[in-house]
Student: 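I'd like to ask you about the structure that follows.
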Amino acid sequence: MNEIATGMFFWLLKILGAYLTLLVVLTIILSRWKKKPDQEPDEVSHLKKKRTDRNPL
């Protein structure tokens, strides 16, 4: 009986570890994905500023 309980405990620990790992990986992926759209408008505005500075009318 004790061996069965120990086996179930380690099985649950493995599932919990896999779940937490998946959660961390998805959090990192989402945070990087959210940063990209925030940076794009800055790059676009920077390029527009360069173009207007180069060609004054």
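Hydrogens, waters and symmetry mates play no part in the numbers below; they use all other heavy atoms, side chains included.
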Student: Nearest 0.5 Å, what's the CG-OG1 distance between Asn2 and Thr6?
Tutor: 4.5 Å
Student: Is there side-chain contact between Leu16 and Leu12, with heavy atoms separated by less than 4.5 Å?
Tutor: no
Student: How far does CG of Leu23 sit from CD1 of Ile28, to the nearest 0.5 angstrom?
Tutor: 10.5 Å
Student: Kindly compute the distance separating CG (Leu22) from OH (Tyr19), expressed to the nearest 0.5 Å.
Tutor: 8.5 Å
